[in-house]
Amino acid sequence: MTLNGWVYNSRPSGKVLFVVVRDGTGLCQCVIEAGTVSEEVFEAVKRLGQESSLTVTGLVRAEPRSPGGVELAVTDAAAICPAVEYPITPKEHGVEFLMSNRHLYLRSQRPWCIGRIRHTVIDAIRRFFNDNGFTLVDTPIFTAAAGEGEQTLFEVDYFGQPMFLSQTGQLYLECAAMSFGKVYCFGPTFRAEKSKTRRHLTEFWMVEPEVAFINLPGLLELAENFVSSVVGRVLKDNRAELETLGADIAGLEKITPPFVRLTYSDAVDILTSERTVKFLAEQLEQFKAQKAALEAELAQIEAADKKGGLKKWQQEKNARRLPELRGEIAELDTKIENNPKHAELAANFTWGKDLGGSDETIISLMHDKPVFVTHYPRSAKAFYMKTDRSNPKVVENFDLLAPQGFGEVIGGSVREDDYDYLLRRVNEEGYNPADYNWYLDLRKYGSVPHGGFGLGVERTVAWITGERHIRQCIAFPRMMDKVYL
RNA sequence: UCCCCGAUAGCUCAAUAGGUAGAGCGAGCGGCUGUUAACCGCUAGGUCGUAGGUUCGAGCCCUACUCGGGGAGCCA
């Protein structure tokens with residue numbers, strides 16, 4: 001068979017040459033023996049640097065010594081384009097360097113694995129809705145200003161008129177749901193929030209289903225089936241990638257319905273409870289113990305280095321371990337520093353505020369399944385969310401928090417379907433009702449209970465892959481203070 | 001906008017108490033018939049982020065700035 005690809009790694013060993021070739025679908029060790037190919041071919045391939053493109057032809061054979069268990073016994077090979085001094089070496093690199101070389105970094109194993117999983121996630125999302133009677137409706141990206149959160153919209157010049165990049169397709173979807181019953185949209189979303197965190201992008205991908213004739217329990221059930229099906233698909237299709245990434249496969253296997261259900265008031269009780277104080281204190285002790293263990297290892301290595309007399313390979317091993325240790329210790333320091341702040345925020349949490357990032361983290365760390373938090377205070381939420389008729393201080397909404405501290409991946413709600421209630425809310429927020437005529441019309445002509453939610457693709461991919469920063473979960477990330485390419 | 005940390009070879013990092021810069025990877029050359037981030041030998045490669053200051057002497061101390069990382073705030 002013939003393989004077209006790039007040199008991922010090359011190891012000469014006298015008259016045998018091992019070239020790991022990357023063909024886009026994976027890696028394959030190719031073995032070139034001096035006697036089997038001409039001397040010119042052997043020498044030419046031997047000289048190819050990392051990421052040189054080439055064609056190799058040979059026979060596939062089982063070989064236990066090869067990574068992956070099979071290898072290609074090469075009978076012929078030819079360079080397509082040699083590469084010299086490829087910048088990303090098989091060594092550790094910093095974030096800045098890797099992301100400023102994003103165009104090349106995309107070829108490395110980690111981004112490749114994440115990209116494959118992202119692809120599965122997106123395919124599974126479409127499959128789920130298509131298989132469950134939803135109709136895809138593409139909502140516009142250019143949108144007119146309509147009250148809600150204008151300060152977080154990107155403004156563009158639309159032939160002299162101000163327009164904005166869409167930050168949700170929801171209002172449009174509500175119209176479409178009254179036509180098709182069950183609909184979804186899937187596309188890029190733009191937020192001009194000044195959020196500099198590992199969980200925020202200014203341009204990200206979001207899928208939003210919207211369903212007519214549904215209530216809050218129905219929405220939660222839809223969301224947990226949906227998320228479980230996406231996670232299940234990744235477990236089925238990308239196990240090898242998850243393993244390479246070191247993702248928490250056992251944790252992902254627990255992602256099955258039903259998820260945990262808490263109300264916002266439950267969450268506040270938990271946050272201000274003795275249980276949380278204890279939980280955070282234990283966590284702090286754990287961090288300190290981990291730090292002490294790492295520092296002990298560090299001291300031991302440094303002492304051994306100082307003492308001398310180490311074999312060369314031992315020195316190198318130490319040299320590799322030291323920066324790792326320092327990084328881990330620095331990360332723990334951050335956690336140790338933040339822990340009391342989070343404890344204070346949680347303890348002083350008062351009913352009515354929106355849950356902060358650290359509050360979400362605490363709640364999700366206490367569970368190994370995703371957690372729904374429902375019924376937030378009306379004052380903290382958008383005007384279109386349906387007021388709970390049995391407790392008008394709250395709305396029928398929910399957030400879904402991914403487990404183990406990853407935080408929010410879904411936000412959704414039942415929509416206010418009563419004309420008068422909705423009009424009152426529009427006025428309360430100080431919006432101009434004339435801007436919402438078409439939206440109010442939906443409540444005038446055959447209004448029905450309906451609702452939906454939005455799921456952030458990059459946050460979901462980050463959670464599933466165990467990648468701590470969302471910027472690694474999209475090929476070309478756009479962040480508040482940084483556009484790499 | 002605020003807080004913390006950092007910037008030394010292409011990359012990742014080191015440099016005892018302030019005394020004139022090193023190691024691995026990568027690159028080049030040579031060696032090795034089963035390598036697994038291979039290994040062994042040799043070679044090339046640096047205005048220590050920028051500007052100023054302290055000092056006989058600054059990579060190291062001080063000030064300002066620039067860039068980067070982490071966190072907070074804000075926020076589907």
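In this text, all values refer to a predicted model and were calculated from it rather than measured experimentally. Quick note on labels: first sequence line is chain A, next is B, and so on, each numbered from 1.
- In summary, A:R110 and A:E241 do not engage in a salt bridge, as defined by a charged side-chain N under 4.0 Å from a carboxylate O.
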* To do: Output, in order, the C-alpha distance, side-chain angles, deciding distance and verdict of side-chain hydrogen bond (donor to acceptor under 3.5 Å, both in side chains) for A:T168 and A:E208.
  => CA-CA 8 Å; A:T168 171; A:E208 296 174 274; 2.7 Å; yes
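- Taking the charged nitrogens against the carboxylate oxygens, A:R107 and A:E51 do have a contact shorter than 4.0 Å, which makes a salt bridge.
- Taking side-chain N and O atoms only, A:R11 has no distance below 4.0 Å to OP1 or OP2 of B:C40.
- Of all nucleotides present, only B:G6 satisfies the Watson-Crick or G-U wobble test against B:C67, with each distance under 3.5 Å.
- A salt bridge links A:E458 with A:R118: the distance from a Lys NZ or Arg NE/NH1/NH2 to an Asp or Glu carboxylate oxygen falls below 4.0 Å.
- Taking atom C1' in both B:G10 and B:A27, one finds a spacing of 9 Å when rounded to whole Å.
- Across the strands present, B:G24 finds its partner in B:C11; the criterion is a Watson-Crick or G-U wobble pair with both atom distances under 3.5 angstrom.
- Between B:G18 and B:G59, the two P atoms lie 13 Å apart (nearest whole Å).
- Among the atoms of the strands shown, none is found under 4.0 Å from any heavy atom of A:R199.
- We find that A:K46 and A:E39 are not joined by a salt bridge, their nearest charged nitrogen and carboxylate oxygen being 4.0 Å or further apart.
- For the pair A:F97 and A:T89, both in contact range of RNA chain B, the more 5′-proximal nearest nucleotide belongs to A:F97.
- For A:R47, a side-chain nitrogen or oxygen approaches OP1 or OP2 of B:C29 to under 4.0 Å.
- Rounded to whole Å, the separation between the C1' atoms of B:C65 and B:G22 comes to 30 Å.
- The base of B:G28 has none of its N or O atoms less than 3.5 Å from a complementary donor or acceptor on the side chain of A:E85.
- In this structure, A:A380 and A:K194 both approach RNA chain B, and ranking their closest nucleotides by distance from the 5' end singles out A:K194.
- Within the nucleic acid shown, A:L355 has no heavy atom closer than 4.0 Å to any nucleic acid atom.
- Pairing for B:C60 is absent, judged as Watson-Crick or G-U wobble with the two contacts each under 3.5 Å.
- Nucleotide B:U54 forms a pair with no other nucleotide shown, judged by Watson-Crick or G-U wobble geometry with both contacts under 3.5 Å.
- A:K196 has no side-chain polar atom (N or O) that falls below the 4.0 Å cut-off from OP1 or OP2 of B:G73.
- Using cut-offs of 30° and 60° for the angle between ring planes, the A:F154 and A:F190 rings count as perpendicular.
- For A:R61 against B:G34, a side-chain-to-base donor-acceptor contact under 3.5 Å is present.
- Comparing the same atom, P, in B:A14 and in B:U66 gives a spacing of 26 Å after rounding to whole Å.
- Within the shown strands, nothing qualifies as a pairing partner of B:U33 under the Watson-Crick or G-U definition with both distances less than 3.5 Å.
- The separation of B:C61 from B:U8, taken at their P atoms, amounts to 15 Å, rounded to a whole angstrom.
- Among the protein residues, A:G94 comes within range of the sugar-phosphate backbone only, with heavy atoms under 4.0 Å from sugar or phosphate atoms but none that close to a base.
- Using a 4.0 Å heavy-atom cutoff across all strands shown, A:P67 reaches at least one base atom of the nucleic acid.
- Base pairing annotation: B:C74 forms no Watson-Crick or G-U wobble pair, as no partner gives both donor-acceptor distances under 3.5 Å.
- A donor and an acceptor atom never sit less than 3.5 Å apart when one is taken from the side chain of A:H93 and the other from the base of B:C11.
- A:E71 comes within 4.0 angstrom of a nucleotide base, judged by non-hydrogen atoms across all strands.
- Counting any heavy atom pair closer than 4.0 Å across all strands shown, A:S66 reaches a base atom.
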